[in-house]
Colleague: 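Pasting a structure below so you can have a look.
The structure displayed is predicted, hence computed values, not measured ones. Each ligand, and each atom within it, is numbered from 1 in the order the structure gives.
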Amino acid sequence: MINNLKKYLFKNRKLITSCTYCGVGCKLELHQNRLKGNKEYCINQGKHCLKGITLLEVQSKNRLKEVLFRKNLNENVQKSNLEFVIKYIANKIKKSDPKRIVFYSAGQVLIEDYYIANKLFKGNLGTANIDSNSRTCIASSVVGLKQVFGVDYIPAQMKEVLETDLILVIGANPAHGHIVFFEKYIKQAVKNGIKIVVVDPFCSKTAEFALKNDGLYLQINVGTDVNLLNAIAKRLLDDKFLDVSYIEEELNGGSEYLKQLKNIDIDEELKKCKISTEEFNELVSLIKKYPKMISIWSMGINQSSEGVEKNFAILNLHLILKRFGESGNNPFPLTGQTNARGGRDVGALATMLAIHKDFDNQSRKELASFWNVPITNIPSKKGYTILEMIEAAQRQEIDIMFIMHTDPVYSLPNRNRIEKALKNIPLVVEVNAYENTLTSKFAHIRVPAKAWGEKYGRQTNMDRHVSYHNKIIDDKNIPQNAIEDWKFLCLLAKELGFDGFDYKDSDEIYKEFQNLTKLSLKGHLNHYDAKINKLKNNKEFYWGKDFFKNYKALTYNQKPNIFFPKNQNLSEKTDKEFPFYMISIRSKNHWNSTAKTSLSSKIKDDLNMVFINENDAKKYNLFQGDKVKIVSKRGFVEDLKIKFSNIKEGVIALYANYPNINYLTPFIYDKKSFQPDYNHTPVKIVRM
Ligand SMILES: Nc1nc2c(c(=O)[nH]1)N[C@H]1C(S)=C(S)[C@@H](COP(=O)(O)OP(=O)(O)OC[C@H]3O[C@@H](n4cnc5c(=O)[nH]c(N)nc54)[C@H](O)[C@@H]3O)O[C@H]1N2
Ligand SMILES: Nc1nc2c(c(=O)[nH]1)N[C@H]1C(S)=C(S)[C@@H](COP(=O)(O)OP(=O)(O)OC[C@H]3O[C@@H](n4cnc5c(=O)[nH]c(N)nc54)[C@H](O)[C@@H]3O)O[C@H]1N2
Ligand code: SF4
Ligand SMILES: [Mo]
């Protein structure tokens, strides 16, 4: 394979590309037809996880190879070709109204793919109806950061855990979700004597690690993180540990925040969290003892009807303690997918324009002039977020839906409702590299995409590092009809008669994006400083390097805003019929829908499990290995096995990777971030 790929070799004679799974963004190299971690790349320095190195094995299996077409869902699909479907789709678009056209993608497409989608929709079609599965993932953090710091900027980086004193992991399990971050950075930090605290209703592998290494594990009740974090802030205030005049003068809203904080009754809050006073005191004393702190959070916080409030609560701790903007002293919400950061930067969310811009006239003017289009082409208000797209489809207000690199029938909440809504859309176009999606049943047109290792482009990892995705698969091993995601969109744009979509290659697209970033607020998104050749040669570049040196925030007065968060209990509640809260957790070796990881002979994690506290199991006469059915108000799943584990009583966990999980979850979302409430589903267990 390597011989035919000489022209793609890096200067150092190695075939290197990036992993396209998680937010760590490792580089992998091909060595005698096997993948291993690349030693020279700054992030993983030779490390990798099993998922990453099985990318090569799964690249060629079960691929979607032909363009497929049918007019109606009750017909069988027919082999078609790109020319025909592009014309067909363009025709339908011309007959429709941009308000009735939507595009849904993922944090795994490359920067160039996302950029073109954004330019087509928000620059030419004139609609902001383009959203990403990042909505299901980090939307609550995006809103939290934007409201507090005035911009969607995550100040921390992975290496900072080595420079801190205290690592607070709350609602995240990096031992499974961000394996190289955990293995290479967190473990090393703890080995160096840095303290780790884990707050989670489920004793995850990260929590087990904390317990084994002189750390602290707090088994919090589901959905009560705001209560805990407010209680911590109140105790710090009571103990005169906080610089009150700093909070009042240097944080916008500081006085109001303090006023509300004073009403907090610590004992009441701890009761809701089901955390003992001793455990609480221990956590507070660690926070007091150590001046530097990195807080790490992810889906246990974000996937909630109150995800933004929870983000505020964590950010507040950093604000009131002045623990931000310094290496080793920062909040660090983890990004799930490899290019979710890059997607947000080009404008993949329906709630923002490109390069973190809002829908104000000045921003619209700048973008219109950059793309050389009339200002009326640039939307003046947010578009449909994904669950709003589904609601609109239910009202029969959507004509065309594009789905690229994601499997919404698997991943969106309340699957029965999603399936019904998709059936209402007259034209669903799915662009996917693999055959086995659950969404394909609802698609009229299916376009085969080039997959990992078959294309070029760039992606931005969770600490803002931009890496080059290199082609390392020989042409003869790439399905002939497969096309780059961006190329498909360019062909469509050209068929629609739009100018500015004639790109020679992905470098040309990236250069255009680099130029666009010069228009970002105070130039903070400085991709324009990246050198394409250096990126191609494995060199490090991350945007926003000196952000905090120059600004504390990008608010009107450069001071961060502080908001007092409340737990309003907006999720569905358990009751006699549905007595357990179901949460979802990630398996170590499967990736999301398992579209790719299920094809690997090396990945065998059993996903059919219900994790339950033994005391709860006893109450219901359930034993290890018993086969059960899990039922919620919306549906049920069968053939799961009981597994006793260290999990809060009243809570059960299923794998998020279990393909049918979303038959159970509710169609509820945070009204500020539009992120679904996956983690608080009332369910019952029925023995089979
Ligand atoms: N191996 C593997 N890695 C992955 C993925 C994968 O599928 N497999 N997916 C990737 C993606 S897209 C993402 S978004 C990330 C997700 O990464 P993580 O968010 O770290 O992973 P999860 O296991 O979904 O959830 C984290 C923890 O939140 C806890 N939790 C649930 N409810 C609450 C609560 O109310 N409060 C608190 N404090 N904790 C709670 C759960 O028990 C769980 O341990 O992982 C990425 N990496
Ligand atoms: N209950 C519950 N539901 C959840 C979650 C949860 O924790 N609990 N987590 C949510 C989160 S955080 C996320 S991020 C989502 C993830 O949910 P999805 O986005 O639906 O899952 P993935 O498996 O990441 O989807 C990737 C798709 O891209 C396809 N693909 C692979 N390579 C290529 C390519 O190069 N081009 C194209 N066009 N396609 C390709 C794969 O075949 C696959 O269908 O799930 C969400 N849903
Ligand atoms: S840690 Fe993440 S980026 Fe690194 S190899 Fe594993 S899945 Fe890929
Ligand atoms: Mo995610």
Side-chain angles (χ1 to χ4, degrees), residues 18-28 35-38 41 43-44 47-55 106-108 132-139 141 168-184 198-207 218-229 273 296-304 306-307 310 314 333-338 340 406 411 452 459 461-462 467 567 571 581-594 597 603 605 607 611 645 647-648 651 653 655-657 675 677-680:
S18 54
C19 176
T20 47
Y21 285 130
C22 90
V24 176
C26 299
K27 285 267 184 107
L28 304 168
L35 286 175
K36 58 179 196 172
N38 171 243
Y41 190 52
I43 296 293
N44 56 312
K47 293 264 192 243
H48 60 76
C49 73
L50 181 61
K51 287 189 298 302
I53 55 161
T54 52
L55 274 163
Q108 295 156 65
S132 154
N133 67 355
S134 292
R135 181 70 55 197
T136 67
C137 188
I138 41 77
S141 290
L168 172 64
V169 183
I170 178 162
N173 177 24
H176 281 185
H178 298 87
I179 293 175
V180 167
F181 176 38
F182 180 75
E183 294 290 333
K184 182 169 165 46
V198 178
V199 181
D200 196 310
F202 177 68
C203 186
S204 64
K205 287 288 170 214
T206 309
L218 296 191
Q219 192 157 61
I220 193 171
N221 198 20
V222 164
T224 59
D225 299 270
V226 167
N227 305 83
L228 173 68
L229 292 154
C273 306
I296 291 169
W297 71 97
S298 195
M299 295 308 110
I301 293 295
N302 288 350
Q303 288 176 336
S304 156
E306 296 169 71
K310 292 178 184 176
I314 303 175
L334 304 184
T335 298
Q337 302 160 91
T338 186
T406 177
S411 48
W452 167 90
Q459 53 186 29
N461 82 342
M462 66 182 177
S467 74
N567 181 356
S571 297
Y581 276 116
M582 181 194 78
I583 58 174
S584 40
I585 55 173
R586 261 132 179 111
S587 106
K588 181 167 186 187
N589 297 309
H590 274 297
W591 175 258
N592 293 352
S593 68
T594 76
T597 44
I603 294 178
D605 307 20
L607 296 173
F611 297 89
S645 52
I647 184 168
K648 197 81 178 170
V651 182
Y655 279 123
N657 311 88
Q675 176 153 357
D677 190 35
Y678 290 114
N679 266 322
H680 314 80

Colleague: Can you tell me the protein heavy atom closest to atom 13 (C) of ligand 1 and the distance?
Modeller: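 For atom 13 (C) of ligand 1, the nearest protein heavy atom is G336 CA, 3.3 Å.
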Colleague: So, S204 side chain and A207 main chain: donor-acceptor pair closer than 3.5 Å or not?
Modeller: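 Checking the backbone N and O of A207 against the side chain of S204, a donor-acceptor pair under 3.5 Å is found.
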Colleague: Using distance alone, decide if ligand 1 has a nitrogen or oxygen within less than 3.5 Å of any nitrogen or oxygen in N657.
Modeller: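 So ligand 1 has an N or O lying under 3.5 Å from an N or O of N657.
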Colleague: So I179 and K51, do their side chains get closer than 4.5 Å, heavy atoms only?
Modeller: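 Heavy-atom side-chain distance check passes, below 4.5 Å.
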Colleague: Please state which protein non-hydrogen atom is closest to atom 2 (Fe) of ligand 3 and give its distance, to 0.1 Å?
Modeller: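 The protein heavy atom lying closest is C22 SG, 2.3 Å.
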Colleague: Does the side chain of H178 come within less than 4.5 Å of M462's, by heavy atoms?
Modeller: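 Side chain of M462 against side chain of H178, heavy atoms only: contact under 4.5 Å found.
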Colleague: Kindly confirm or rule out an N or O of N679 lying under 3.5 angstrom from an N or O of ligand 1.
Modeller: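 No; the residue has no nitrogen or oxygen that sits under 3.5 Å from a nitrogen or oxygen of the ligand.
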Colleague: Is there a donor in the side chain of S141 and an acceptor in the side chain of N302, or the other way round, less than 3.5 Å apart?
Modeller: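 The criterion, which ignores hydrogens and geometry beyond distance, is satisfied for N302 and S141.
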Colleague: List every atom of ligand 1 that sits less than 4.0 Å from any heavy atom of F202, numbering the atoms from 1 in the order shown and giving each element.
Modeller: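 Answer, ordered by atom number: 42 (O).
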Colleague: If we only count heavy atoms from C-beta on, is the W591 to N657 side-chain gap below 4.5 Å?
Modeller: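 Contact flag for W591/N657 side chains = no.
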Colleague: Would you say that Y655 contacts F611 through its side chain, given a criterion of any heavy-atom pair below 4.5 Å between the two side chains?
Modeller: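 The answer is yes, as the side chains (C-beta and beyond) meet within the 4.5 Å cut-off.
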Colleague: Keeping Q303 on the side-chain end and N679 on the backbone end, is there a donor-acceptor pair under 3.5 Å?
Modeller: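 Not at all, since once roles are kept as given, no pair shorter than 3.5 Å links the two residues.
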Colleague: Is atom 2 (Fe) of ligand 3 under 2.8 Å from any N, O or S atom of H178?
Modeller: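 Of the N, O and S atoms in H178, none lies under 2.8 Å from atom 2 (Fe) of ligand 3, which means no.
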Colleague: Who's closest to atom 8 (N) of ligand 1 heavy-atom-wise, of K51, H590, R586?
Modeller: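 Considering heavy atoms of K51, H590, R586, the nearest to atom 8 (N) of ligand 1 sits in H590.
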Colleague: Can you find an N/O atom of T224 closer than 3.5 Å to an N/O atom of ligand 1?
Modeller: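 No.
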Colleague: Give me the nearest non-hydrogen protein atom to atom 19 (O) of ligand 1 as residue plus atom name, then the distance to 0.1 Å.
Modeller: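 Result for atom 19 (O) of ligand 1: M299 N, 2.8 Å.
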Colleague: If you count the atoms of ligand 3 from 1 in the order shown, which ones are under 4.0 Å from a heavy atom of G52?
Modeller: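 Checking each atom against G52, I get 5 (S).
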Colleague: Examine distances only and state if a side-chain atom of Y581 and a backbone atom of G223 form a donor-acceptor pair shorter than 3.5 Å.
Modeller: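 Checking the backbone N and O of G223 against the side chain of Y581, no donor-acceptor pair under 3.5 Å is found.
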Colleague: Say whether I301, considering both its backbone and side-chain N or O atoms, lies within less than 3.5 Å of an N or O atom on ligand 1.
Modeller: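 No, I301 has no N/O under 3.5 Å of an N/O on ligand 1.
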Colleague: Do you see an N/O/S atom of C19, backbone or side chain, under 2.8 Å from atom 6 (Fe) of ligand 3?
Modeller: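 No.
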Colleague: Suppose we measure from atom 5 (S) of ligand 3 to each protein heavy atom; which comes out shortest, and what is that distance?
Modeller: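 Answer for atom 5 (S) of ligand 3: C49 N, 3.6 Å.
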Colleague: I want to check something: taking the side chain as every heavy atom from C-beta on, are F181 and I296 in contact at a cut-off of under 4.5 Å?
Modeller: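 They are in side-chain contact.
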Colleague: Is the closest side-chain heavy-atom distance between N567 and E306 below 4.5 Å?
Modeller: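 Touching, per the 4.5 Å side-chain cut-off.
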Colleague: Quick one: look at S304 and ligand 1, take heavy-atom pairs under 4.0 Å, and tell me if it's side chain, backbone, both or neither.
Modeller: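 Neither part.
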Colleague: Mark up the atoms of ligand 1 that fall under 4.0 Å of a heavy atom belonging to C137, in ascending order.
Modeller: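 By the 4.0 Å cutoff, the relevant atoms are 14 (S).
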Colleague: Should one rank A653, A656, G300 by closest heavy-atom distance to atom 28 (O) of ligand 1, which comes out on top?
Modeller: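 Heavy atom nearest to atom 28 (O) of ligand 1 belongs to G300.
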Colleague: Relative to ligand 3, is C26 under 4.0 angstrom through side chain, backbone, both or neither, heavy atoms considered?
Modeller: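 Answer for C26: both.
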Colleague: Supply the atom-to-atom distance L228 CG to L218 CG, rounded to the nearest 0.5 angstrom.
Modeller: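 The distance works out to 6.5 Å.
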Colleague: May I ask you to check if ligand 1 and G177 share an N or O to N or O distance below 3.5 Å?
Modeller: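 Yes, since at least one N or O of G177 sits under 3.5 Å from an N or O of ligand 1.
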Colleague: Going by distance alone, is a donor N or O of one side chain under 3.5 Å from an acceptor N or O of the other, for T338 and Q459?
Modeller: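 Yes - a donor-acceptor pair under 3.5 Å links their side chains.
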Colleague: Among all protein heavy atoms in this structure, tell me which lies nearest to atom 17 (O) of ligand 1, with the distance rounded to 0.1 Å.
Modeller: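 Of the protein heavy atoms, S298 OG, 3.6 Å lies nearest.
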Colleague: Quick check: does N221 get an N/O under 3.5 Å from an N/O on ligand 1?
Modeller: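 No, N221 has no N/O under 3.5 Å of an N/O on ligand 1.
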Colleague: I'd like the name of whichever of D225, V198, I296, L228 reaches closest to atom 37 (C) of ligand 1 through any heavy atom.
Modeller: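 Nearest option to atom 37 (C) of ligand 1, by heavy atoms: D225.
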Colleague: Side chain or backbone of I583 under 4.0 Å from ligand 1, or both, or neither, by non-hydrogen atoms?
Modeller: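 The answer is the side chain of I583.
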Colleague: Within the 4.0 Å heavy-atom shell around Q337, which atoms of ligand 1 are there?
Modeller: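 Reading through ligand 1 atom by atom, the close ones are 12 (S).
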Colleague: Side-chain contact test, heavy atoms from C-beta onward, threshold under 4.5 Å: evaluate it for K310 versus S304 and give yes or no.
Modeller: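 In contact.
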Colleague: Do any N/O atoms on K588 end up under 3.5 angstrom from N/O atoms on ligand 1?
Modeller: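 By distance alone, the answer is yes.
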Colleague: Are there more than 12 heavy atoms of other residues, nucleotides or ligands under 6.0 Å from atom NZ of K648?
Modeller: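 Yes.
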Colleague: Is any N or O atom of I170, backbone or side chain, closer than 3.5 Å to an N or O atom of ligand 1?
Modeller: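 N/O-N/O distance below 3.5 Å does not exist for this pair.
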Colleague: Counting from 1, what ligand 3 atoms have a heavy atom of Y21 closer than 4.0 Å?
Modeller: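 Heavy-atom distances to Y21 below 4.0 Å select 7 (S).
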Colleague: Quick one: which of D200, L334, N173 has a heavy atom closest to atom 42 (O) of ligand 1?
Modeller: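 Going through D200, L334, N173 one by one, D200 has the nearest heavy atom to atom 42 (O) of ligand 1.
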Colleague: Less than 3.5 Å between some nitrogen or oxygen of G223 and one of ligand 1, yes or no?
Modeller: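 Yes, at least one N or O pair falls under 3.5 Å.
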Colleague: Taking side chain as C-beta onward, heavy atoms only, is K36 less than 4.5 Å from L28?
Modeller: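 Side-chain contact under 4.5 Å: no.
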Colleague: Between atom CG of D605 and atom CG of N589, what is the distance when rounded to the nearest 0.5 Å?
Modeller: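 D605 CG to N589 CG: 4.0 Å, rounded to 0.5 Å.
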Colleague: Please answer whether the main-chain N or O of K47 pairs with a side-chain N or O of N44 as donor and acceptor at a distance below 3.5 Å.
Modeller: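 Indeed, once roles are kept as given, a pair shorter than 3.5 Å links the two residues.
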Colleague: Where is the nearest protein heavy atom to atom 3 (N) of ligand 1: which residue, which atom, and how far?
Modeller: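 Looking at atom 3 (N) of ligand 1, the protein heavy atom closest to it is H176 O, 3.2 Å.
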